[in-house]
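Taking it in order: structure first as structure tokens, then the write-up.
Here is the naming used below: chain letters follow the sequence lines, and residue numbers restart at 1 for every chain.
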There are 2 protein chains.
Amino acid sequence: MARKTANRRVGITDVAQRAGVSLASVSRVMNGNFSVDPDIAARVRAAAAELNYHPNAVGRSLALGKTDTIGIVVPDLANPTFQGMLRGVSRAAAQDGYRVLIADSSEVSSEESILAGEARRRCDGVVLCAPRMNEAELEALLPSLQPLVLINRSTADTQTPSLVVDYGQGIQDLAAHLVELGHTRLVFLAGPERSAGNQARLQGLEKFRVDHPEVELTTLPAGSSFEAGHVSAVAVLATGATGVLAFNDLVAMGLLSGLHERGVDVPGDISVTGFDDIPFANYTTPPLTTAAVAINDIGEQAWHELRQLLGDGDPEPAHTTFQPELKRRGSTGRVKKPTLS
Amino acid sequence: MARKTANRRVGITDVAQRAGVSLASVSRVMNGNFSVDPDIAARVRAAAAELNYHPNAVGRSLALGKTDTIGIVVPDLANPTFQGMLRGVSRAAAQDGYRVLIADSSEVSSEESILAGEARRRCDGVVLCAPRMNEAELEALLPSLQPLVLINRSTADTQTPSLVVDYGQGIQDLAAHLVELGHTRLVFLAGPERSAGNQARLQGLEKFRVDHPEVELTTLPAGSSFEAGHVSAVAVLATGATGVLAFNDLVAMGLLSGLHERGVDVPGDISVTGFDDIPFANYTTPPLTTAAVAINDIGEQAWHELRQLLGDGDPEPAHTTFQPELKRRGSTGRVKKPTLS
DNA sequence: CTGAAAGCGCTAACAT
DNA sequence: ATGTTAGCGCTTTCAG
């Protein structure tokens with residue numbers, strides 16, 4: 001038997017002994033179970049207090065078959081979007097007495113499956129956010145992860161709740177906003193190729209092209225980070241576009257910074273939009289026009305869905321689409337003079 | 001006995017049965033234990049694979065007396081500093097096969113003790129970051145949290161490793177930097193009053209005053225958020241100071257934004273410094289001069305200390321001070337004209 | 001209403 | 001080298 005140090009932790013047995021009752025009674029009292037003699041209850045509580053007894057969580061988990069813990073697997077803890085989600089999940093779950101175990105796959109999507117499985121095995125359920133995992137792998141993984149809720153991925157499996165952001169609509173709104181301002185030459189700074197969110201944006205833009213044949217829209221590969229946006233500045237300028245749709249706020253901020261370094265005025269010379277509305281977006285100079293995603297709400301919702309699956313809480317719809325909300329801020333403005341293409 | 005659904009999970013017994021061996025053998029094989037007949041080992045592995053068997057973590061934990069999980073309690077998951085720490089801890093711990101359980105106290109420092117205790121009970125150890133918790137409460141808590149490592153708090157207890165950032169020195173470096181640039185009227189935008197980090201900065205500035213009697217340094221209460229910095233813009237301008245030491249990067253960014261709105265040029269009219277060097281600091285306009293704190297390293301170190309306490313890994317020094325590194329960037333510049341005080 | 005005892009899934013003595 | 005068995009700390013039937 002493993003016994004790390006000399007000092008034994010106080011267990012239910014100690015309390016029972018001290019209170020002169022059986023283990024069962026202590027257990028009943030600790031769990032606020034019905035039908036315990038007030039006298040005994042008091043003795044037990046006293047003993048527990050004196051010994052500073054706290055039930056061992058692992059023992060409880062084994063007996064109860066539940067850990068009161070859920071796992072959340074995210075691709076990158078450095079990304080504000082996933083941080084926001086994590087925070088939303090964590091706070092909501094905490095409200096219901098659940099804790100959250102993190103599994104950060106560090107962008108190594110090959111590890112995601114294993115990680116998710118491990119997380120699931122330690123927990124009662126899982127929130128899975130794996131934008132780069134391929135479709136087949138995802139489908140194969142789902143059964144073993146149940147109960148789980150999926151973020152920004154859809155699945156044929158109707159058992160699995162999934163919360164998705166309508167990136168396609170959001171990017172169209174952003175593009176339309178630029179068109180309204182008179183821009184006719186746009187460039188999209190694309191995110192990671194295999195990311196589901198990027199593909200959704202691309203589809204949205206395809207639709208936009210159909211609706212706005214007069215607009216010239218080009219795509220530039222970039223990425224999802226500051227750096228990606230920063231180094232894109234030259235390429236963006238080379239296109240001659242007056243409006244830029246950055247993959248997300250990070251990319252937009254990087255671009256803003258790169259543009260600023262080159263003395264390009266935003267929005268005077270070029271308008272820039274982001275995506276997500278991370279907290280920082282409000283405080284860039286100029287403040288960033290973006291499509292706000294209620295990422296904390298998504299996290300919270302994710303927990304609610306999972307809670308339902310776990311048998312607590314009340315039933316709710318299992319599939320939800322979150323609509324981004326256009327935030328008009330200082331980084332976009334009227335085009336200076338119509339560009340002659 | 002709790003049995004949620006009808007479908008039994010496959011346990012070690014099933015594998016043993018299928019392989020026609022005892023539980024013990026299966027356990028030995030699964031744990032790569034010495035002395036198992038290759039033949040049996042193969043049979044066990046085959047059976048495990050066929051049944052898609054994965055050891056139950058809770059059962060293991062109970063038997064082993066360890067969970068391979070550590071808790072991390074942070075005051076606010078929305079704060080980039082704590083996010084960075086979390087990330088550092090999480091990645092480092094993952095390297096050693098440990099998982100991280102989050103306890104976000106949501107700034108409610110009264111909850112921190114309970115939260116920390118709960119986290120500890122589910123885990124093998126805890127990383128505690130509770131800048132606002134009062135001294136007495138902290139000391140009282142320590143014994144029950146062992147093994148733990150403390151972040152940005154010191155304690156008399158030499159058993160407890162603690163990692164602290166030298167905020168006092170950092171803020172002095174920042175102030176000295178401004179002085180070098182010719183600034184003689186400075187203002188410090190103070191953080192949360194009870195925060196240990198704020199007090200350290202205040203002490204550093206006291207020392208700075210002694211070293212630089214020629215400099216006029218005032219303090220303005222602010223806070224630790226964007227908003228705090230943003231609303232401070234007017235008060236800052238009212239002081240007539242030409243150099244501002246913001247409590248942290250968030251406050252500095254808020255201030256930058258507030259200043260920009262009022263047409264105040266940074267660093268032309270006023271120089272602004274932050275603290276922490278969060279990833280965004282490099283991408284503000286202008287880029288933020290700040291004192292860089294290697295927050296990811298701190299998280300990583302925290303894990304290493306904890307690992308040592310847990311009995312793995314090699315011995316390391318138990319108390320470490322991290323020196324912030326001055327980052328000179330665009331938000332600070334030469335004073336326009338010497339101010340006549 | 002209470003206590004004895006079985007069992008959650010696994011590991012580690014202890015025999016064999 | 002393998003099987004038997006006794007826990008790990010707790011909950012919950014099942015008798016009384």
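Among the protein residues, A/Val26 comes within range of no part of the nucleic acid, since none of its heavy atoms lies under 4.0 Å from any strand. As judged by a 4.0 angstrom heavy-atom cut-off over every strand, A/Ser25 is placed among residues touching the sugar-phosphate backbone only. Looking at heavy-atom distances under 4.0 Å, B/Val58 makes no contact with the nucleic acid at all.
When the P atom of D/dT2 is taken as reference, atom CG of B/Asp39 falls 9 Å away, rounded to whole Å. Distance, A/Leu64 CG to D/dT13 C1': 14 Å, rounded to whole Å. As rounded to whole Å, 10 Å separates atom C1' of D/dG3 from atom CD1 of B/Ile40. Rounded to an integer number of Å, the gap from CG of B/Asp14 to P of C/dG9 is 9 Å. The distance from atom NZ of A/Lys66 to atom P of D/dC10 is 17 Å, rounded to the nearest whole Å. Rounded to whole angstrom, the span from the CG atom of A/Leu23 across to the P atom of C/dA6 amounts to 14 Å. One interatomic measurement links the two molecules: CG of A/Leu51 to C1' of D/dG9, which rounds to 15 Å at whole-angstrom precision. Rounded to an integer number of Å, the gap from CG of A/Asp37 to P of C/dC1 is 8 Å.
Scanning all heavy atoms of the two residues, the minimum distance from B/Asp68 to B/Asp124 falls at N-OD2, 2.8 Å.
Closest to the A/Ser27 side chain, of the nucleotides C/dG3, D/dT11, D/dT2, is D/dT11. Of the candidates C/dC1, D/dT11, C/dC10, the closest approach to any side-chain atom of A/Ser35 belongs to C/dC1.
Ion pair B/Arg91/A/Asp76 flagged as a salt bridge, since at least one NZ, NE, NH1 or NH2 atom sits closer than 4.0 Å to an Asp/Glu carboxylate oxygen.
Comparing B/Ser22 and B/Leu62 against DNA chain D, the residue whose closest nucleotide sits nearer the 5' end is B/Ser22.
Phosphate contact (OP1/OP2 of C/dT11, side-chain N/O of B/Arg60, threshold under 4.0 Å): present. A close approach under 4.0 Å does not occur between any side-chain nitrogen or oxygen of A/Asn56 and OP1 or OP2 of D/dC8.
Residues A/Leu138 and A/Leu128 meet the side-chain proximity criterion, which asks for heavy atoms closer than 4.5 Å. The shortest side-chain heavy-atom distance between A/Tyr53 and A/Met30 falls under the 4.5 Å cut-off. B/Leu142 is listed as a side-chain neighbour of B/Glu139, based on a closest heavy-atom distance under 4.5 Å. The closest side-chain heavy-atom distance from A/Ile151 to A/Val74 is not below 4.5 Å. Put simply, the side chain of B/Thr67 does not reach to within 4.5 Å of the side chain of B/Leu101, judged on heavy atoms.
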Polar pairs (N or O, both sides) under 3.5 Å between protein and nucleotides 14-16 of chain D?
none

